[in-house]
Each structure stands twice: as C-alpha cells, then as structure tokens.
Enquirer: 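There's a structure below that I have some questions on.
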Amino acid sequence: MTKGNSTKITDELYRYMLDHNPPLDAVQRELVATTYEKFPDVAGMQSAEEQGPLLAFLVRLTGARHIVEIGTFTGFSTLSMAQALPADGRIVACDVSEEWTAYGRRAWEAAGVADRIDLRIAPALDTLRAMPATPHVDLAYIDADKENQIAYWEELVPRMRPGALIVTDNTLYHGTVLDASATGSAAGVRAFNDHVAADPRTDSVLLAISDGLTLSRRI
C-alpha cells in the first residue's frame with residue numbers, strides 16, 4: 001500500500017482551509033456557536049464547519065430538489081443544504097428531539113428557508129417507510145445513530161433517482177473502524193462500510209473528510 005498524502009492537519013492548516021472555503025454566514029455562525037454553548041457534551045454531533053459549504057456545494061452540483069436528511073440535531077447541515085436549494089426545493093429532515101431541533105427551527109426562520117424544510121419528529125425508519133417507494137430523492141444525508149445505518153440505507157437506496165447522491169457522515173468513526181472487536185456504534189459503522197462497498201446498486205468512495213465521509217451514487 002502506498003499512502004499518497006501525509007499532510008498533517010494542524011490547527012493552523014485547518015484554519016487555512018476554512019479561510020479558503022465559503023465562509024459561514026451570520027445565521028450559520030450563530031447556530032454553530034449556540035450548539036456548542038447549549039449542548040457542550042454532545043456538540044460533536046454537529047456536522048463539521050467545513051461540511052456545511054460542502055453539502056451546499058453538493059446540492060448545487062447535483063441540482064437536487066428533493067433531499068432527505070437522517071439526523072438533524074440542531075440543524076446546521078439542514079440549514080446549509082436548504083440555503084442551496086431552489087425556492088421550490090424541499091428537505092425532509094428526520095430527528096427524534098424537539099429540544100435540539102428547536103434551535104434549528106429558529107435559525108431556519110432567521111435565514112428565510114423554513115418553508116423549504118419539512119421537519120418530522122419521529123423514528124427515521126418510520127418516516128422513510130411512509131414515503132413513496134418509487135425513486136424520487138435527489139440527495140440524502142445520513143448522520144444519525146450508527147446501529148441503524150444499514151436499515152436507513154436499505155430504505156433510501158430504492159427511493160433514490162438514478163444518479164442521486166447519498167452522503168454518509170462519520171464513516172471512519174474516530175478510527176475505531178480498524179477494531180475488528182468493536183461493539184456498539186463503531187461496529188455499526190464497520191458493518192455499514194462493508195455493506196456499502198459491496199452494494200452493486202451504487203458506486204461509492206470513502207473520503208478522509210472530518211470523521212470520514214462516504215459519497216455514494218445511485219447507478
């Protein structure tokens with residue numbers, strides 16, 4: 001095996017990267033700060049700062065109009081994607097917490113994109129199974145409980161249009177995917193990565209972005 005890039009991402013280099021990406025706007029920046037202030041123990045569940053502009057870029061690149069998000073938390077990723085949608089685009093945002101998503105609701109209103117977001121407080125599998133079974137989704141973002149990732153995948157893939165994109169976060173899971181004896185969430189991510197790599201319905205790449213990001217295109 002030849003490792004092609006040994007660049008170490010120092011704090012200074014990370015800041016340089018952010019400085020050369022599209023900056024967060026005032027609403028996004030306030031939501032990120034509020035999340036760390038209000039939920040310091042679980043703020044790591046928020047998508048990384050560089051992922052907001054990336055998700056927006058992918059929405060525009062794919063021309064997505066119908067997005068499904070599995071795991072909304074305080075709504076930073078939702079906000080980033082909604083801002084990149086056309087006015088008639090919609091996101092179905094799935095979460096189980098009224099408390100967390102209340103902060104997202106306020107930010108979406110402040111940014112003027114609340115009408116593009118259909119927040120559904122319910123188990124995501126229930127929400128997915130209630131959707132039309134035919135291909136109609138342009139982009140999906142999976143960032144929720146890791147033990148259910150394969151189940152989410154299996155509900156999503158048949159509903160993705162040809163050429164549609166599934167983006168899955170945390171697919172390196174802090175490096176614990178290397179542990180063959182992993183349990184819990186780490187075991188869930190390991191199983192998911194193997195499942196995706198073997199799925200003939202999609203082609204996928206796993207990238208070392210933040211905590212691991214997998215992009216999968218529906219064939």
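Note that the coordinates shown come from a computational prediction; the quantities given were computed from them, not determined experimentally. Numbers here simply count residues along the sequence, with the first being 1.
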Enquirer: Which value, rounded to the nearest 0.5 Å, describes the distance between Leu58 atom CG and Gln51 atom CD?
Expert: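 Rounded to the nearest 0.5 Å, the CG-CD separation comes to 10.5 Å.
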
Enquirer: So how far is it from Leu55 CG to Ser80 OG, rounded to the nearest 0.5 Å?
Expert: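 The distance works out to 6.5 Å.
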
Enquirer: Tyr14: which residues meet the ring pair (Phe, Tyr, Trp, His ring centres under 6.0 Å) condition with it, sequence neighbours left out?
Expert: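 Partners of Tyr14 by the ring pair (Phe, Tyr, Trp, His ring centres under 6.0 Å) criterion come out as none, since no residue qualifies.
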
Enquirer: Which atom pair, heavy atoms only, marks the closest approach of Leu85 to Arg116?
Expert: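 Between these two residues, the closest heavy atoms are O-NH1, 2.9 Å.
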
Enquirer: For Thr74 and Thr35, test the side chains for any donor-to-acceptor distance below 3.5 angstrom and give the result as yes or no.
Expert: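 Per modelled atom types, Thr74 and Thr35 side chains form a pair under 3.5 Å.
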
Enquirer: Which residues end up grouped with Val96 if you chain together Ile, Leu, Val, Met, Phe, Trp and Tyr wherever their side-chain heavy atoms are less than 4.5 Å apart?
Expert: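 Same cluster as Val96: nobody, lone residue.
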
Enquirer: Output all residues satisfying salt bridge (Lys or Arg N to Asp or Glu O under 4.0 Å) with Asp19, sequence neighbours left out; order by chain, then residue number.
Expert: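 Expected list: Arg15.
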
Enquirer: Assess the side chains of His195 and Glu154: does a donor N or O sit below 3.5 Å from an acceptor N or O?
Expert: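 Glu154 and His195 do have a side-chain donor-acceptor pair below 3.5 Å.
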
Enquirer: With Asp211, which residues qualify under salt bridge (Lys or Arg N to Asp or Glu O under 4.0 Å), at least two apart?
Expert: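 Listed in chain order: nothing, the list is empty.
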
Enquirer: When clusters are formed by joining ILVMFWY residues with side-chain heavy atoms under 4.5 Å apart, either directly or through shared neighbours, do Ile142 and Val167 land in the same one?
Expert: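 Each belongs to a different hydrophobic cluster.
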
Enquirer: How far apart are the closest heavy atoms of Ala84 and Arg60, and which atoms are they?
Expert: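 What the structure gives for the nearest pair is CB-NH1, 3.7 Å.
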
Enquirer: If you round to the nearest 0.5 Å, how far is CG of Asn21 from CD of Glu50?
Expert: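 Reported to 0.5 Å precision, the distance equals 7.5 Å.
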
Enquirer: Taking the side chain from Thr10 and the backbone from Leu13, do they hold a donor-acceptor pair closer than 3.5 Å?
Expert: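 Yes, Thr10 side chain to Leu13 backbone: donor-acceptor pair under 3.5 Å.
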
Enquirer: Where do Pro135 and Met160 come nearest, in terms of heavy atoms and distance?
Expert: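 That closest heavy-atom pairing would be CB-O, 3.5 Å.
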
Enquirer: Arg217 vs Asp203, test: salt bridge (charged side-chain N to carboxylate O under 4.0 Å, His left out). Steps then yes/no.
Expert: CA-CA 5 Å; Arg217 182 183 66 92; Asp203 53 11; 2.9 Å; yes

Enquirer: If we only count heavy atoms from C-beta on, is the Ile70 to Leu128 side-chain gap below 4.5 Å?
Expert: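 Yes. Closest side-chain heavy atoms under 4.5 Å.
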
Enquirer: Look at the side-chain heavy atoms of Ile, Leu, Val, Met, Phe, Trp and Tyr, link any pair under 4.5 Å apart, and say whether Tyr173 and Phe192 land in one connected group.
Expert: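 Each belongs to a different hydrophobic cluster.
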
Enquirer: Against Val59, only a single residue in Leu165, Leu54, Ile67, Ile91 fulfils side-chain contact (heavy atoms from CB on, under 4.5 Å); can you say which?
Expert: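 Result: among Leu165, Leu54, Ile67, Ile91, Ile67 is the only option passing the side-chain contact (heavy atoms from CB on, under 4.5 Å) with Val59.
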
Enquirer: With a 4.5 Å cut-off on side-chain heavy atoms, are Leu139 and His66 touching?
Expert: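 Side chain of His66 against side chain of Leu139, heavy atoms only: no contact under 4.5 Å found.
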
Enquirer: Which residues satisfy the salt bridge (Lys or Arg N to Asp or Glu O under 4.0 Å) test with Arg161, sequence neighbours excluded?
Expert: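 With sequence neighbours excluded, Arg161 shows a salt bridge (Lys or Arg N to Asp or Glu O under 4.0 Å) to Asp138, given in chain and number order.
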
Enquirer: Measuring from Asn148:CG to Trp153:CH2, what's the distance to the nearest 0.5 Å?
Expert: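 Output value for this atom pair is 15.5 Å.
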
Enquirer: Report the hydrophobic cluster partners of Trp108, with the cluster defined as I, L, V, M, F, W, Y residues connected by side-chain heavy atoms closer than 4.5 angstrom, directly or transitively.
Expert: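 Hydrophobic cluster check, Trp108: joined to Leu24, Val27, Leu31, Val32, Tyr36, Phe39, Val42, Met45, Phe73, Phe76, Leu79, Trp100, Tyr103, Val113, Ile117, Leu119, Ile121.
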
Enquirer: With rounding to the nearest 0.5 angstrom, report the OH to CG distance, Tyr152 to Leu125.
Expert: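 These two atoms lie 5.0 Å from each other.
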
Enquirer: Measuring from atom CD1 of Ile166 to atom CZ of Arg159, what distance do you get when rounded to the nearest 0.5 angstrom?
Expert: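 That separation rounds to 11.5 Å.
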
Enquirer: Does Leu207 belong to the same Ile/Leu/Val/Met/Phe/Trp/Tyr cluster as Phe57, with side-chain heavy atoms less than 4.5 Å apart forming each link?
Expert: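 They do share one cluster, since a chain of ILVMFWY contacts under 4.5 Å joins Leu207 to Phe57.
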
Enquirer: Test Ser216 against Thr202 for side-chain hydrogen bond (donor to acceptor under 3.5 Å, both in side chains), laying out the working first.
Expert: CA-CA 6 Å; Ser216 307; Thr202 59; 5.0 Å; no

Enquirer: Are Leu213 and Val205 linked, directly or through intermediate hydrophobic residues, by side-chain heavy-atom contacts shorter than 4.5 Å (ILVMFWY only)?
Expert: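 Linked, Val205 and Leu213 end up in one cluster.
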
Enquirer: Could you go step by step and tell me if Thr214 and Thr171 meet the side-chain hydrogen bond (donor to acceptor under 3.5 Å, both in side chains) rule?
Expert: CA-CA 7 Å; Thr214 297; Thr171 46; 3.1 Å; yes

Enquirer: Excluding sequence neighbours, so at least two apart, what forms salt bridge (Lys or Arg N to Asp or Glu O under 4.0 Å) with Asp88?
Expert: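 Testing Asp88 for salt bridge (Lys or Arg N to Asp or Glu O under 4.0 Å), a comparison that skips the adjacent residues, returns Arg65.
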
Enquirer: May I have all residue pairs that pass salt bridge (Lys or Arg N to Asp or Glu O under 4.0 Å) and include part of residues 34-49, sequence neighbours excluded?
Expert: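 For residues 34-49: Arg29-Glu49.
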
Enquirer: Can we say Arg120 and Glu69 salt-bridge, meaning some charged N sits less than 4.0 Å from an Asp/Glu carboxylate O?
Expert: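 The answer is no: the pair does not qualify as a salt bridge.
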
Enquirer: Given the rule in the side-chain hydrogen bond (donor to acceptor under 3.5 Å, both in side chains) test, do Asp11 and Tyr16 qualify, once you have shown the distances and angles that lead to the verdict?
Expert: CA-CA 9 Å; Asp11 289 347; Tyr16 179 88; over 6 Å; no

Enquirer: Grouping I, L, V, M, F, W and Y whenever their side-chain heavy atoms are under 4.5 Å apart, do Leu156 and Leu206 come out in a common cluster?
Expert: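 Shared cluster, no.
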
Enquirer: Under the side-chain contact (heavy atoms from CB on, under 4.5 Å) criterion, do Ser47 and Asp143 qualify, and how do the steps go?
Expert: CA-CA 8 Å; Ser47 296; Asp143 187 16; 3.5 Å; yes

Enquirer: Go through the structure and list residues passing ring pair (Phe, Tyr, Trp, His ring centres under 6.0 Å) with His174, not counting sequence neighbours.
Expert: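 With sequence neighbours excluded, His174 shows a ring pair (Phe, Tyr, Trp, His ring centres under 6.0 Å) to no residue whatsoever.
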
Enquirer: For Tyr141, check ring pair (Phe, Tyr, Trp, His ring centres under 6.0 Å) against everything at least two apart and list the hits.
Expert: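 For Tyr141 there are no ring pair (Phe, Tyr, Trp, His ring centres under 6.0 Å) partners, ignoring immediate neighbours.
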
Enquirer: Sorted by first residue and then second, give each side-chain hydrogen bond (donor to acceptor under 3.5 Å, both in side chains) pair with at least one member in residues 123-137; sequence neighbours left out.
Expert: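 Every side-chain hydrogen bond (donor to acceptor under 3.5 Å, both in side chains) pair that includes a residue of residues 123-137, provided the two are not neighbours, is Arg129-Glu155.
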
Enquirer: Donor-acceptor pairs under 3.5 Å, side chain of residues 183-190 to any protein atom, not counting sequence neighbours: which ones?
Expert:
residue: Arg190; atom: NE; partner: Asp179; partner atom: O; Å: 3.4
residue: Arg190; atom: NH1; partner: Val177; partner atom: O; Å: 2.5

